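Taking it in order: structure first as structure tokens, then the write-up.
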There are 2 protein chains.
Amino acid sequence: MPRPPSTMRRHILDSALRLFAEHGFKGASLHDIAAEAHCSKASLLYHFASKDAMLTELLTPPAESLRALSEELAALDGDQAVEPAVRGYVGLAMRFHLEIKIIFAELPDMLGHPVLAVIPRAVDQLADALAGRSDRPRARVMAQMVIGGVAVTVAADVDVEQDMMRAELTQGALRTLGRSTS
Amino acid sequence: MPRPPSTMRRHILDSALRLFAEHGFKGASLHDIAAEAHCSKASLLYHFASKDAMLTELLTPPAESLRALSEELAALDGDQAVEPAVRGYVGLAMRFHLEIKIIFAELPDMLGHPVLAVIPRAVDQLADALAGRSDRPRARVMAQMVIGGVAVTVAADVDVEQDMMRAELTQGALRTLGRSTS
DNA sequence: ACCGTAGCTGACCGATCGGTCAGAGGTTTG
DNA sequence: CAAACCTCTGACCGATCGGTCAGCTACGGT
């Protein structure tokens with residue numbers, strides 16, 4: 001019973017995202033994804049060149065968004081960058097929370113993945129903006145703490161409304177960085 | 001050339017910890033661990049009943065410490081619990097940063113592991129203490145953010161001295177929670 | 001000198017992994 | 001109608017996984 005042509009591919013990708021987020025990239029096998037998508041394992045590899053190609057397609061949008069954000073932030077200096085950095089990062093994290101879950105589930109290996117090659121540099125720039133262009137250890141630890149705290153909180157399934165979550169994450173991050181939250 | 005009796009077991013465990021922290025539990029094979037420990041794969045399974053038994057032995061101390069901390073915190077109420085919770089959690093995180101790296105590398109599956117069965121309840125109590133016994137969404141988000149931020153920062157290899165790191169993590173966490181850092 | 005046992009190993013096992021391939025079935029095109 | 005094509009599948013493949021097992025070596029007790 002073949003489905004209409006274009007839907008299956010998207011359907012497979014959705015199933016893969018759900019399973020990757022729940023069990024990690026290694027933890028979700030092609031067999032599992034095929035079962036979730038109600039198709040054969042061979043069908044997965046008809047629509048995608050490899051398991052890795054699925055991951056690449058899933059992680060490209062968040063990686064590109066992060067790269068774009070870090071580029072915008074690079075144009076601002078010092079104090080002006082902090083709040084946009086916080087708001088931008090919180091927004092990204094919430095939009096791509098499932099993709100973040102994948103990355104956290106496989107962090108060590110994942111950072112070697114080509115599609116995430118932009119991350120170290122982008123995160124460095126983000127941390128630089130969060131630290132208000134300061135290179136003191138304190139600022140760097142704080143930036144790391146904000147990046148980690150936001151990512152983990154968003155990846156966890158905390159039962160809080162989205163707007164509330166966004167507001168609290170933003171204010172919490174600014175407080176962590178020592179900025180008053182007017 | 002057999003080594004003196006008791007050293008090999010500890011040597012294997014050290015190798016396993018290093019590789020698990022670097023590549024995750026699934027990502028590090030018995031073959032890899034054997035190579036790192038300069039012994040045969042069969043030798044690993046002479047000293048340990050299974051790969052899982054190695055993980056259990058590695059994660060038991062941090063799991064037990066977390067349980068003990070949450071028990072101490074349960075005896076304190078409201079405001080009195082916040083600072084001990086912060087200091088206790090930061091201390092644990094720094095002491096067991098490699099073990100935390102393992103858990104982060106495999107978070108989804110890991111939480112189903114028997115030896116980590118204590119974590120959900122202990123983390124709930126820790127979050128409760130961090131939130132000053134408040135059940136408002138804001139306090140819960142902040143607690144999650146602190147727990148995540150500290151864990152990620154410690155698991156990352158930030159090039160900062162240990163005492164500096166501890167002080168900054170503690171003050172940062174208190175700021176995130178909205179406490180003044182005198 | 002003999003034996004029992006602890007430490008360790010190479011060879012091997014079944015299971016599962018990601019991936020390949022020839023071809024079935026349906027739709028579109030000439 | 002037939003040829004070309006897209007979608008999808010069952011059967012199969014080599015590699016790698018965690019784990020087993022018979023047996024080798026060295027040493028301590030008697």
Side-chain angles (χ1 to χ4, degrees), chain A residues 1-59 102 105-106 108-110 112-116, chain B residues 1-59 102 105-106 108-110 112-116:
Chain A
M1 191 199 317
R3 300 159 177 271
S6 61
T7 70
M8 177 65 93
R9 191 188 150 87
R10 188 67 229 174
H11 185 63
I12 289 172
L13 217 49
D14 289 345
S15 301
L17 175 57
R18 225 172 308 141
L19 288 181
F20 285 164
E22 188 169 355
H23 300 114
F25 179 67
K26 284 202 199 72
S29 71
L30 292 183
H31 176 273
D32 298 336
I33 298 171
E36 176 90 359
H38 301 295
C39 70
S40 74
K41 200 178 65 169
S43 183
L44 303 183
L45 294 154
Y46 167 76
H47 288 286
F48 300 91
S50 65
K51 187 187 184 187
D52 197 87
M54 298 184 205
L55 182 68
T56 298
E57 195 155 326
L58 286 171
L59 294 188
I102 301 180
E106 307 280 344
D109 303 312
M110 213 55 105
H113 193 284
V115 78
L116 297 188
Chain B
M1 190 199 320
R3 300 158 177 270
S6 62
T7 68
M8 179 63 94
R9 192 186 147 88
R10 188 66 229 174
H11 185 63
I12 289 173
L13 218 48
D14 289 343
S15 302
L17 176 56
R18 227 172 306 140
L19 289 181
F20 286 164
E22 188 169 355
H23 300 115
F25 179 67
K26 284 202 199 72
S29 70
L30 293 182
H31 176 273
D32 298 335
I33 299 171
E36 176 92 359
H38 301 293
C39 70
S40 73
K41 200 178 66 169
S43 183
L44 303 183
L45 294 154
Y46 168 77
H47 289 285
F48 300 91
S50 65
K51 187 187 183 186
D52 197 88
M54 297 183 205
L55 182 68
T56 298
E57 194 154 324
L58 286 172
L59 294 188
I102 301 179
E106 307 281 344
D109 303 312
M110 213 57 106
H113 194 283
V115 78
L116 298 187

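What you see below is based on every heavy atom in this structure, not just the backbone, and it leaves out hydrogens, waters and symmetry mates. Every value quoted in this text rests on a predicted model; they were computed, and no experiment measured them.
- Residues B:E57 and B:V115 form no side-chain contact, since every pair of their non-hydrogen atoms from C-beta on lies 4.5 Å or further apart.
- Taking atom CG of A:L55 as the reference point, atom C1' of C:dG18 lies 14 Å away to the nearest angstrom.
- Mapped onto DNA chain C by nearest heavy atom, A:H31 and A:A42 fall at different nucleotides, with A:H31 at the one closer to the 5' end.
- Annotation for A:L44 and A:C39: closest pair CD2-SG, 3.8 Å, computed over non-hydrogen atoms.
- Rounded to an integer number of Å, the gap from A:D32 CG to C:dC17 P is 7 Å.
- Of all heavy-atom pairs between A:G24 and A:A105, the closest is CA-CB, 3.6 Å.
- Residue pairs satisfying the salt bridge (charged side-chain N to carboxylate O under 4.0 Å, His left out) criterion with at least one member in residues 34-52 of chain B, sequence neighbours excluded, are listed as follows: B:R18-B:E36.
- Put simply, B:S43 has a side-chain N or O that comes within less than 4.0 Å of OP1 or OP2 on C:dT9.
- Between A:H47 and D:dC8, a side-chain N or O to OP1/OP2 separation shorter than 4.0 Å is present.
- In this structure, CZ of B:F48 is placed 12 Å from P of C:dG7, rounded to the nearest angstrom.
- When rounded to the nearest whole Å, the span between NZ of A:K51 and P of C:dC17 equals 9 Å.
- The shortest heavy-atom contact between A:A53 and A:A49 is CB-N, 4.0 Å.
- For the pair B:D52 and A:Y46, nearest-nucleotide mapping onto DNA chain D gives the more 5' position to A:Y46.
- Taking only side-chain atoms of B:S40, from C-beta outward, the nucleotide of C:dA6, C:dG10, C:dG19 with the closest atom is C:dG10.
- Contact annotation for A:S29: backbone-only contact, meaning every heavy-atom pair under 4.0 Å involves sugar-phosphate atoms and none involves a base.
- The two residues B:I33 and B:I12 make their nearest non-hydrogen contact at CG2-O, 4.3 Å.
- The separation between B:L45 atom CG and C:dG7 atom P is 15 Å, rounded to whole Å.
- Shortest non-hydrogen contact noted between B:F20 and B:I102 is CB-CD1, 3.5 Å.
- Between the CD1 atom of A:I33 and the C1' atom of C:dG19 there is a distance of 13 Å, rounded to whole Å.
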Dump every N/O contact between nucleotides 12-15 of chain C and the protein below 3.5 Å, one line per pair.
none

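- Put simply, CG on B:L30 is 4 Å from P on D:dG18, counting in whole angstrom units.
- B:I12 places its CD1 atom 10 Å from the C1' atom of C:dG7, with the value rounded to the nearest Å.
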